[in-house]
Each structure stands twice: as structure tokens, then as C-alpha cells.
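Structure first, commentary second.
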Amino acid sequence: MTRAVYPGSYDPVTNGHLDIIGRAAHLFEEVVVAVLINKNKRTLFDVEERQEMLREVTKQWDNVRVDSWHGLLVDYCRENNIKAIVKGLRAVSDYDYELQMAQMNHQLTGVDTLFMQASPQYSYLASSLVKEVATYGGDVSTLLPATIEQRLQQRLAELR
Ligand code: PNS
């Protein structure tokens with residue numbers, strides 16, 4: 001089976017992520033969207049919440065599954081017999097760091113990274129920016145699925 005992992009923080013999932021997930025789902029027999037846990041990174045949503053949101057918005061694709069992992073991505077790939085990592089590239093500025101990670105991951109276990117270009121309408125989109133705009137009352141309704149926006153607004157209200 002051609003299985004790929006699409007790793008990230010997903011705090012929270014955006015329409016930009018969904019664009020990549022949907023297109024990857026056409027290319028691979030199975031796509032695992034993996035929430036990578038980074039204890040040093042403060043997140044708005046805990047890992048269970050992030051997975052729940054991802055399951056909700058990816059249920060339209062039968063071959064997409066959601067999981068989480070604490071540790072090296074290459075170890076997740078090895079344990080799950082995954083030979084391809086999918087990453088979205090929004091702009092040239094993403095490339096330097098993504099290339100460095102792809103080369104490191106390849107050096108570690110031989111796993112390959114496949115870059116998919118973001119669709120132009122999402123090329124500026126990042127969860128961190130969405131959170132910042134929403135925090136100050138900006139309109140983020142076109143950047144996230146409606147259910148995710150509701151949860152984001154609710155979480156921000158709880159923190160106010
Ligand atoms: O959504 P993000 O925060 O840009 O995703 C980055 C992520 C989680 C994909 C990356 O930090 C990662 O792969 N972390 C797992 C730990 C790891 O394998 N580190 C070595 C990378 S070479």
C-alpha cells in the first residue's frame with residue numbers, strides 16, 4: 001500500500017492543510033495526518049482536541065486517518081511502514097527549513113519527503129497567523145472550516 005504521512009502541529013487545522021490533505025488523498029492509497037507532539041511548544045488546543053478537529057474535517061476522505069506521535073517523525077514512519085512524508089510549501093521562505101528537515105530525515109532512515117505546493121489562495125496561510133488575527137477580532141471565517149472557527153472563537157473567549 002502506498003501510504004504517506006502528513007505531519008504537523010495542526011493548532012488548529014486550516015483550509016491550507018485541508019487543501020494538501022485532499023490532494024494527497026488522491027495520490028496515495030492512505031494518508032495519515034499525524035499530530036506531532038512537541039512538549040516545548042505551547043499550543044491553544046491539546047493533542048486530543050487537535051486530533052478530534054482533524055477527524056471531523058477529514059471524514060469526507062475514506063483513505064485519510066488521523067494519529068498522533070511523540071518523538072521523531074522518522075520513528076513513526078518506520079513503525080508504521082511509511083515511506084513518504086508529505087509537506088506543503090507555501091513560499092520559497094518555507095523551503096530552506098523544509099529542505100533541511102527532509103535531508104535530515106532521509107539521512108536518518110532513508111525516508112523521502114514529497115513537497116506539494118500550496119494552492120495560491122492559501123500561500124499566506126498559517127495557524128499561528130490565524131490565531132493572532134482571531135485574537136484581535138479579525139475575520140478568519142474564510143481561512144478555517146466553520147466548525148473549527150467556532151472552536152477557535154470559543155477557546156479564545158475562554159482565555160479572555
Ligand atoms: O506544523 P509544524 O509545526 O510546522 O510541523 C513541524 C513538524 C511537527 C512536522 C516537525 O517539527 C517535526 O517533524 N517534528 C517531529 C520531531 C522530529 O522528527 N524532529 C526532527 C526533524 S528533522
Side-chain angles (χ1 to χ4, degrees), residues 2-25 27-28 30-58 61 64-135 140 142-145 147-149 151-152 155-156:
T2 57
R3 183 185 288 142
V5 63
Y6 179 42
S9 301
Y10 303 109
D11 187 45
V13 57
T14 69
N15 287 340
H17 295 127
L18 288 177
D19 169 47
I20 300 289
I21 293 169
R23 286 159 54 206
L27 297 175
F28 296 94
E30 185 176 51
V31 176
V32 184
V33 181
V35 178
L36 269 292
I37 303 164
N38 179 348
K39 291 249 156 70
N40 298 320
K41 200 166 166 179
R42 273 193 62 211
T43 56
L44 198 53
F45 296 97
D46 68 30
V47 63
E48 298 305 330
E49 292 171 318
R50 284 180 274 156
Q51 287 188 94
E52 197 180 292
M53 288 188 279
L54 278 164
R55 288 199 180 100
E56 198 175 295
V57 296
T58 59
W61 296 291
V64 173
R65 157 167 101 67
V66 176
D67 202 359
S68 64
W69 181 253
H70 178 53
L72 287 178
L73 179 58
V74 290
D75 289 335
Y76 181 83
C77 293
R78 192 159 35 199
E79 284 198 15
N80 293 278
N81 194 26
I82 291 174
K83 306 230 166 14
I85 298 168
V86 166
K87 287 292 192 81
L89 284 183
R90 290 165 297 195
V92 174
S93 51
D94 280 344
Y95 187 69
D96 275 350
Y97 186 50
E98 290 296 342
L99 178 66
Q100 199 179 6
M101 283 198 287
Q103 288 176 325
M104 176 64 84
N105 286 332
H106 188 265
Q107 191 275 331
L108 288 169
T109 63
V111 70
D112 270 310
T113 298
L114 302 175
F115 294 119
M116 295 182 69
Q117 83 285 7
S119 294
Q121 67 269 34
Y122 302 123
S123 62
Y124 62 92
L125 196 45
S127 299
S128 54
L129 272 185
V130 171
K131 286 183 281 190
E132 186 172 328
V133 171
T135 300
V140 293
T142 59
L143 311 177
L144 306 160
T147 54
I148 306 300
E149 194 210 345
R151 291 181 72 141
L152 174 61
R155 177 55 45 87
L156 292 174

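In each ligand, atom 1 is the first atom listed, and ligand 1 is the first ligand listed. Computation of the quantities below employed the complete heavy-atom set of this structure, encompassing side-chain atoms and omitting hydrogens, waters and symmetry-equivalent molecules.
- Distance screen at 4.0 Å: atom 16 (C) of ligand 1 has a protein heavy-atom neighbour inside the cut-off.
- For atom 2 (P) of ligand 1, the closest non-hydrogen atom on the protein side is Ser9 OG, 3.6 Å.
- Atom 4 (O) of ligand 1 lies below 4.0 Å from none of the non-hydrogen atoms of the protein.
- Between Met101, Lys41, Lys87, it is Lys87 that holds the heavy atom closest to atom 9 (C) of ligand 1.
- Close contacts between ligand 1 and Leu36 involve ligand atoms 8 (C), 15 (C) [criterion: under 4.0 Å to a heavy atom].
- Here the closest heavy-atom approach between residue Ser9 and residue Arg50 is recorded as O-NH1, 2.9 Å.
- Checked by atom type and distance alone, the side chain of Thr14 pairs as donor or acceptor with a backbone atom of His17 at under 3.5 Å.
- Both the backbone and the side chain of Leu73 come within 4.0 Å of ligand 1, judged by heavy-atom distances.
- The contact set between ligand 1 and Gly71, taken as ligand atoms under 4.0 Å from a residue heavy atom, comprises 15 (C), 16 (C).
- A 4.5 Å side-chain heavy-atom check between Val32 and Arg65 finds at least one atom pair inside the cut-off.
- Separation of atoms OH (Tyr124) and CG (Leu129) is listed at 10.0 Å; rounding is to 0.5 Å.
- Between the side chain of Asn15 and the backbone N or O of Thr142, at least one donor-acceptor pair lies under 3.5 Å.
- A distance of 12.5 Å separates CG in Leu144 from CZ in Arg151, rounded to the nearest 0.5 Å.
- The contact set between ligand 1 and Met104, taken as ligand atoms under 4.0 Å from a residue heavy atom, comprises 22 (S).
- The closest donor-acceptor contact from the side chain of Asn80 to the backbone of Ile82 lies at 3.5 Å or more, if one exists at all.
- When only non-hydrogen protein atoms are considered, atom 6 (C) of ligand 1 lies nearest to Gly8 CA, 4.7 Å.
- The protein heavy atom nearest to atom 19 (N) of ligand 1 is Leu72 CD2, 3.9 Å.
- At a 4.0 Å heavy-atom cut-off, ligand 1 touches Asn105 through the side chain alone.
- Between the side chain of Asp19 and the main chain of Ser119, a donor-acceptor pair closer than 3.5 Å is present.
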